[in-house]
Asker: 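What follows is a single structure, and I will ask about it in a moment.
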Protein chains: 2
Amino acid sequence: MTEKSPSLREQQKAATRNELIRMGLLLFFENGFANTTVDQIVEPLGIAKRTFFRYFKAKEDLVFDFYEDKTPTLVRELKNRPKDESPYEAVCKALSTQLDLYDVNPDWAWSLVCLLNENPELMGKGFEKRLTREQALAAALIEREGKNKITPLKARIIVGTALIAWQAALDEWYEGGGKSKLRPIVKKAFSIAGQ
Amino acid sequence: MTEKSPSLREQQKAATRNELIRMGLLLFFENGFANTTVDQIVEPLGIAKRTFFRYFKAKEDLVFDFYEDKTPTLVRELKNRPKDESPYEAVCKALSTQLDLYDVNPDWAWSLVCLLNENPELMGKGFEKRLTREQALAAALIEREGKNKITPLKARIIVGTALIAWQAALDEWYEGGGKSKLRPIVKKAFSIAGQ
DNA sequence: GACAATGTGTCACCTGGTGACATATTTAGC
DNA sequence: GCTAAATATGTCACCAGGTGACACATTGTC
């Protein structure tokens, strides 16, 4: 397919963005979210505070960059699911794709989960992002099933249920101190939520 | 039963709290949440900004006072449900109690729903509060069913599913401009979510 | 190489939120 | 009813997140 050649500007912007995220998460993990100021993130990188807020609308958004990033992938995944899967099944299977990311660098994932669970403010923002994902997935589901085969209400509930199961699984994982494997917990949660 | 005689102090505090909430919501409805400063709320009442933040940890909390307020009631309601109802049914029935509030002063309810839907920041905080409610209800459900009859994971998922249905119903209501009746939408949503 | 477009830094400023301390008010003991 | 402890409020100084405006620098285009 058409390989995009990212212009120099794009490359530099992506690099700066990554630097900010790396440094930000590093400091958040080390000192906590509330105890880390934007200035502390920005200063060692030689970047202006103002610039930070051109990349991220809010301090919290830095944490959820990866999350928002993956919603389009998830939507595509859902649309590509075999037609014979039930709506709920398809959504669950699509979501399960994300588990690979947890497998690849589990300690990073764990740190992130801890960060969220220990900072209610972040949780709030996280839910906000989840809402966007929920809506995107619901729209995709409607498209997949056909507009007159599933109501918006039903689509939202199916997607919402799957996401709740996911969330519950993550919490269970967190409660257990991350000792257990996430994948089977998620599987079980999906199964329970599916009745 | 024992009628509590609220001390003078308690009365005054309650009065101040109500004043703040009334004025706050009034201004939020009129000018929007972001466009209303705490000073604007506080000034016409002759109250210091500092005092505002003694009543509410954050500006957003003023909006959710009513919400947090009713969680204990909800928990009690759930515990009092007849034993022959299924867990999910019991949670739904308990939640449905809240519908009376929407019937009593529908325009106030409508304004509030609009406020939430039009301010993502508020949504975020709202989800945060919902999490607390979710946990409280899950705990109550476990207590109701017996600790060895239902796992925490399952309890959370059941409660979460019901709350998702509720949320989806509210959204549907909002999308429809509030023309339709909320109660039947919620009923339908509960039914769909129950499979 | 010149000009437009876009990104970055600097600065001033607003607003949410908090700690510290003084002052006023309620409560409780007598 | 007076006094002393307890608690609520006001004032003030200050921090940190976030934004608008403007100048400067860098990249893209012809």
Side-chain angles (χ1 to χ4, degrees), chain A residues 4-21 23-25 27-28 30-65 115 119-126 128-129, chain B residues 4-21 23-25 27-28 30-65 115 119-126 128-129:
Chain A
K4 308 224 182 109
S5 65
S7 68
L8 177 55
R9 251 197 175 124
E10 298 302 323
Q11 291 178 42
Q12 286 172 331
K13 279 174 68 175
T16 307
R17 188 181 199 80
N18 286 337
E19 278 185 89
L20 286 173
I21 293 175
M23 182 65 71
L25 289 183
L27 293 175
F28 292 161
E30 245 171 41
N31 311 324
F33 179 76
N35 295 327
T36 307
T37 71
V38 174
D39 290 287
Q40 287 170 356
I41 300 171
V42 135
E43 193 240 44
L45 298 173
I47 297 178
K49 188 179 77 165
R50 190 65 181 88
T51 301
F52 178 97
F53 288 107
R54 289 203 182 92
Y55 280 90
F56 306 102
K57 276 204 287 281
K59 184 181 159 193
E60 290 92 343
D61 288 339
L62 182 146
V63 177
F64 296 103
D65 187 80
L115 196 63
N119 295 85
E121 344 138 49
L122 278 178
M123 267 289 179
K125 264 282 176 180
E128 217 177 293
K129 306 291 181 187
Chain B
K4 307 219 181 121
S5 64
S7 68
L8 177 56
R9 250 199 174 122
E10 298 302 324
Q11 290 179 43
Q12 286 172 331
K13 279 175 70 175
T16 307
R17 187 181 200 81
N18 287 335
E19 278 185 88
L20 286 172
I21 292 175
M23 181 65 70
L25 289 182
L27 293 175
F28 291 162
E30 246 171 41
N31 311 325
F33 178 76
N35 295 326
T36 306
T37 71
V38 173
D39 290 288
Q40 287 168 356
I41 300 172
V42 134
E43 193 239 45
L45 299 173
I47 296 177
K49 188 179 77 165
R50 191 62 180 88
T51 302
F52 178 97
F53 288 107
R54 289 204 182 92
Y55 280 90
F56 306 102
K57 275 203 287 278
K59 186 181 161 194
E60 289 92 344
D61 287 339
L62 182 146
V63 177
F64 295 104
D65 187 81
L115 197 63
N119 294 85
E121 343 138 50
L122 278 178
M123 267 289 178
K125 264 281 176 180
E128 217 177 292
K129 305 290 180 186

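Chain identifiers are assigned alphabetically (A, B, ...) following the order of the sequence lines, protein sequences preceding nucleic acid strands; residue numbering begins at 1 within each chain.
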Asker: Side chain of A/A48, heavy atoms from C-beta onward: which of C/dG17, C/dT10, D/dT11 has the nearest atom to it?
Answerer: C/dT10
Asker: When you match A/G46 and B/A58 each to their closest nucleotide on DNA chain C, which lands nearer the 5' end?
Answerer: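 Checking each residue's closest nucleotide, the 5'-ward one belongs to A/G46.
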Asker: Taking only the side-chain nitrogens and oxygens of B/S7, find out if one of them lies under 4.0 Å from OP1 or OP2 of C/dT26.
Answerer: no
Asker: Can you find a donor-acceptor pair, distance only, under 3.5 Å between A/R50 side chain and D/dG17 base?
Answerer: no
Asker: Under 4.0 Å between a side-chain N or O of B/T51 and OP1 or OP2 of D/dG10?
Answerer: yes
Asker: Choose from D/dT11, C/dG16, C/dT8 the nucleotide whose nearest atom is closest to any side-chain atom of A/Y55.
Answerer: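 Of the options given, the side chain of A/Y55 lies nearest C/dT8.
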Asker: I need the CZ-C1' distance between A/F52 and D/dT19, as an integer number of Å.
Answerer: 14 Å
Asker: Do the side-chain N or O atoms of A/K49 get closer than 4.0 angstrom to the phosphate oxygens (OP1, OP2) of D/dG17?
Answerer: no
Asker: Check this for me: B/E43, atom CD, are more than 12 non-hydrogen atoms of other residues, nucleotides or ligands nearer than 6.0 Å?
Answerer: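 Counting neighbours around CD of B/E43, 12 or fewer heavy atoms of other residues, nucleotides or ligands fall under 6.0 Å, so no.
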Asker: Taking the side chain of B/K59 as its heavy atoms from C-beta onward, which of C/dT8, C/dG17, D/dG18 lies nearest to it?
Answerer: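 The answer is C/dG17.
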Asker: Please give, in whole Å, the distance from C/dA24 P to B/I47 CD1?
Answerer: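 Taking atom P of C/dA24 as the reference, CD1 of B/I47 is at 18 Å.
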Asker: Mind calculating the distance between CD (A/E60) and P (D/dA16) to the nearest angstrom?
Answerer: 15 Å
Asker: Taking atom P of C/dG16 as reference, at what distance in whole Å does atom CZ of B/F33 sit?
Answerer: 8 Å
Asker: Would you kindly check whether a donor in the side chain of A/R9 faces an acceptor in the base of D/dT26, or vice versa, at under 3.5 angstrom?
Answerer: yes
Asker: Tell me: CG of A/N35 to C1' of D/dG17, nearest whole Å?
Answerer: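 Taking CG of A/N35 and C1' of D/dG17, I get 15 Å after rounding.
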Asker: Using atom CD of A/Q11 as one end and atom P of D/dT26 as the other, report the distance to the nearest whole Å.
Answerer: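 Taking atom P of D/dT26 as the reference, CD of A/Q11 is at 17 Å.
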Asker: Quick check: does any side chain N or O of B/T36 sit under 3.5 Å from a backbone N or O of B/G32, one acting as donor and the other as acceptor?
Answerer: yes
Asker: Are the side chain of B/D61 and the backbone N or O of B/A58 linked by a donor-acceptor pair below 3.5 Å?
Answerer: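 Pair found, side chain donor or acceptor close to backbone of B/A58.
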Asker: A/R54 CZ to D/dA25 P: how many Å, rounded?
Answerer: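 Distance check: A/R54 CZ to D/dA25 P gives 15 Å.
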Asker: OP1, OP2 of C/dG17 versus side-chain N and O of B/K57: anything below 4.0 Å?
Answerer: no
Asker: Whole-Å distance between C/dC14 P and A/F53 CZ?
Answerer: 18 Å
Asker: Does the pair B/E10/B/K13 count as a salt bridge with the N-to-O cut at 4.0 Å?
Answerer: no
Asker: Using a cut-off of less than 4.0 Å, is there contact between a side-chain N or O of A/Q12 and OP1 or OP2 of C/dG7?
Answerer: no
Asker: Distance under 6.0 Å and angle within 45° of the ring axis: does A/K59 meet both against A/F33?
Answerer: yes
